[in-house]
Colleague: 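Pasting a structure below so you can have a look.
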Amino acid sequence: MREPMMAGNWKMYKDPLEARELALEVVGRVGGVSGVNIVLCPPFVSLTAVAEAIEGSNISLGAQDVFWATEGAYTGEVSPKMLTACGCQYVIVGHSERRGRFGTWPGDWPRELLGVFGDNDVTVNWKARSALAADLTPIVCVGETIEERKAGATDAVVREQVTAALAGMSAEEVACVVFAYEPVWAIGTGEVCDAEEANRVLGLIRQLLAERVGDRAATMQILYGGSVKPDNIDGLMAQPEIDGGLVGGASLKADDFAALVEAALRSAGR
Ligand code: 13P
């Protein structure tokens, strides 16, 4: 039986003081809940504030990105070792926003900025492997754009991203990765993926994992992300392949996030 997970990706919201306040609110509501992996992923600068706020609770800390080297002359980057030193157990890797695969491109940004964050299938693989080497659990994001979906390329895109992310990993390492299927067109749009379709794609991911780790794939947590809200979470969690959510907007409101955690808890043992 897989434990459900609810991970909040706070994106570029919440400075240290705001983060502390939100984390304390989340602790107040669900800090004592067991049976759900609850993960908060604030911006780098707010990791320590959140680590302090969640201390002694059942909530874990995650970062939103990581660099692959342990230390060195890499201005502006943050290493896996630095994240564990801040109390992180998880790190999001290869979010579509970091892959430069935005659903909508801000109108006043020149196209030359596309890819400014620079992630691709190779960097995602390096980041995931370096995270594992530092005992961090990578939450690897995959998913198609609306153009790819309309072209019938969803499965091919997901297959390619999953396969590339796992390149060079041992079966032991693969078994420690958490995947999150986040269709780009569902992120921040309010347009959640149909639960049965999300379940189908997660099933495909699990099948790809089984090719690498055999039966152990059945024990691996796989998440859905993209406009997860309190009013659609029950339908998602009712699906057998969906073990939880990677949540953006709704994770910034303690009440909404608590409602998602409670829904995940209700779904356990489904
Ligand atoms: P939303 O929940 O705001 O759609 O964001 C999803 C996401 O990108 C989580 O990583």
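Note that the structure is predicted; figures quoted are calculated from it, not measured. First listed ligand is number 1; within each ligand, the first listed atom is number 1.
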Colleague: List by chain and number: which residues place a heavy atom under 4.0 Å from ligand 1?
Modeller: Asn9, Lys11, His95, Glu182, Ala186, Ile187, Gly188, Gly226, Ser227, Leu246, Val247, Gly248, Gly249
Colleague: Which residue pairs satisfy the ring-ring contact (aromatic ring centres under 6.0 Å, His included) criterion with at least one member in residues 231-256, sequence neighbours excluded?
Modeller: none
Colleague: Taking everything shown except Glu55 itself, do over 12 heavy atoms lie less than 6.0 Å from its CD?
Modeller: no
Colleague: Measuring from atom CE of Met6 to atom OG of Ser267, what distance do you get when rounded to the nearest 0.5 angstrom?
Modeller: 7.5 Å
Colleague: Salt bridge or not for Glu211 and Arg159, using N-O below 4.0 Å?
Modeller: no
Colleague: Give me the ring orientation class for Trp109 and Phe102: parallel if the planes are under 30° apart, tilted from 30 to 60°, perpendicular past 60°.
Modeller: perpendicular
Colleague: With a 4.5 Å limit on heavy-atom distance, are the side chains of Trp10 and Leu40 in contact?
Modeller: yes
